[in-house]
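Structure first, then comments.
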Amino acid sequence: MTLAHRSLVTIDDFSNKEIEAVFSLASEMSDSMGEQFGICRGKVLASLFFEPSTRTRLSFETAMHRLGGSVISAADVKSTSMAKGESIADMARVVGSYADIIVIRHPWEGTAKVVADYAGVPVINAGDGGHQHPTQTLCDLYTIQKERQTIKGLNVALWGDLKYGRTIHSLIFALAKFGANILFCPTPGLEVPEHVIKKLITEYGGELEKREDSDQTVEGEFFPLDTIYLTPGSPHQLAMMPNISMQIELKAGVDALYVTRPQKERFAADEEGQELREKFPVVNKKLLRGKVFSKTLVMHPLPRIDELAYDLDADPRSMYFKQAARGVPVRMALIALLLGIKEISIPQEDSSSQTDYPLYNQGFGVRCPNPRCVSVQETEIHYLKPEFKIVNREPLTLRCIYCEHGCEPKYVASSDWHEGKLAEKKYHRADSHWAKKIKPENLLIFDSESEAEAHGFKPGTYAREPHQINDEKSDGQS
Ligand code: CP
């Protein structure tokens with residue numbers, strides 16, 4: 001396996017061995033920074049940041065300069081032709097003809113995937129809305145690995161805005177891939193989104209235990225633990241006894257506490273200024289006096305606002321400035337590997353976290369419900385077909401291939417109806433026994449009855465709830 005000419009859109013795009021290869025090269029480059037100058041001479045990196053950034057943008061640009069390559073950049077959507085309504089795909093094709101590698105940050109979730117699909121050169125996701133930020137995760141894992149020599153079996157607490165924090169979403173999957181336990185400590189109302197939890201459980205295995213009581217102490221110490229994810233690799237003999245296994249896991253202490261700021265720029269209108277959020281505890285020296293935190297790495301992707309006190313900056317447990325500094329060698333290694341300038345032989349792994357789900361790509365009937373998804377934006381709907389993975393049949397559950405949000409459409413039909421003639425186009429409830437018999441390749445899926453009817457389908461026998469069917473005359477269909 002090689003990383004040459006590949007893109008990094010989500011953390012799932014790389015296997016554990018590939019991530020370790022990036023770390024190994026980053027470490028080597030960090031120890032011989034001066035020797036790396038010139039290895040990317042003649043190569044151009046396009047740095048496209050359509051949202052504010054200090055660390056990610058400047059560390060990518062520093063990384064390319066330190067490798068001796070050149071950088072072209074756009075740091076504001078208003079200064080590009082996207083302000084005139086140009087699509088992401090057109091912009092990607094054009095920039096791909098100028099640059100050898102593209103780094104993009106954009107507020108729409110799934111944008112980096114669209115750029116990777118159209119650019120024709122490697123693309124790195126530097127943050128797409130609240131979806132993922134995989135290179136921040138590389139910096140985070142690299143820091144844990146450097147400080148603790150392993151990730152497997154560690155207890156890592158995620159603290160703060162777990163709903164909109166894209167660094168959190170990438171990190172959750174990465175920690176699960178590498179066999180860490182995850183302790184979820186969300187600000188009330190900012191819990192991990194359901195689609196992230198579902199993917200974690202179905203694709204990474206492990207067990208999720210919700211803390212039953214509202215008493216926010218563990219071992220007598222303040223710790224607002226909501227849920228714990230137990231890695232499949234650790235012994236779960238107590239997993240059937242919620243809270244007890246939590247206590248056992250916590251006796252070992254918290255190995256890393258990953259703090260995040262409230263991502264206010266992504267809050268829905270009704271989430272602004274809710275008081276609970278303001279009362280969520282600040283992580284400071286006093287809070288970390290507890291025994292469970294005695295050897296904790298205090299991490300933060302930065303920027304911080306007021307959730308992480310300055311009194312911790314000189315504390316040896318604080319890692320956040322190291323995380324940011326390590327962004328340069330990590331991104332140097334990534335650029336060199338994706339450009340194929342450095343090759344590392346990486347054994348193929350059989351434990352890929354990517355599951356091969358059937359696709360729903362008919363392009364009609366159902367739209368991604370996420371208003372921040374790239375696939376529903378006005379400039380993009382002319383060429384982007386809605387496309388979903390069918391991740392479950394009971395209940396029918398789709399996952400958008402761009403932003404990974406989930407939806408459970410209520411109505412289906414079959415393209416194979418009456419030997420494909422569609423002479424009698426009928427739709428049925430997605431949870432009816434009739435619907436479950438349709439092969440994935442024949443599924444037509446509808447958000448609503450009106451959507452099915454707009455496409456010329458009529459309600460079939462199983463379009464109604466069972467109690468309604470009893471009250472209606474059969475329409476003669478099976
Ligand atoms: N951690 C991070 O993404 O920081 P910036 O927003 O400054 O790039």
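When a ligand or atom number is given, it counts from 1 through the structure's own listing order.
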Quiz item: Is Arg166 paired with Glu109 through a side-chain N to carboxylate O contact shorter than 4.0 Å?
Solution: no
Practice prompt. Flag the pair Tyr204 / Phe173 as yes when their ring centroid distance falls below 6.0 Å, and as no otherwise.
Written response: yes
Salt-bridge contact Arg367-Asp447 (side-chain N to carboxylate O under 4.0 Å):
no
Checking heavy-atom distances from atom 3 (O) of ligand 1 to each of Arg57, His133, Arg166, the winner is His133
Of all protein heavy atoms, the one nearest atom 6 (O) of ligand 1 is Arg105 NH1, 2.9 Å
Checking Gln323, Arg261, Glu307 against His300 for side-chain hydrogen bond (donor to acceptor under 3.5 Å, both in side chains), the one that qualifies is Glu307
Out of Cys139, Pro301, Ser53, the nearest non-hydrogen contact to atom 1 (N) of ligand 1 is supplied by Pro301
**OP:** Identify whether NZ of Lys or CZ of Arg in Arg93 sits under 6.0 Å from the centre of the six-membered ring of Tyr118 and within 45° of that ring's axis.
**Re:** no
Heavy-atom proximity to atom 4 (O) of ligand 1 ranks first, among Gln136, His300, Arg55, for Arg55
inquiry  = If the threshold is 4.0 Å, N to carboxylate O, is there a salt bridge linking Asp315 and Arg317?
reply    = yes
Contact region, Thr167 to ligand 1, non-hydrogen atoms below 4.0 Å, reads neither
Under 4.0 Å from one or more heavy atoms of Thr56, ligand 1 contributes atoms 2 (C), 3 (O), 4 (O), 5 (P), 8 (O)
Quick note on ligand 1: atoms under 4.0 Å from a heavy atom of Thr54 include exactly 5 (P), 7 (O), 8 (O)
Ligand 1 to Leu302, heavy atom cutoff 4.0 Å, flagged ligand atoms 1 (N), 2 (C), 4 (O)
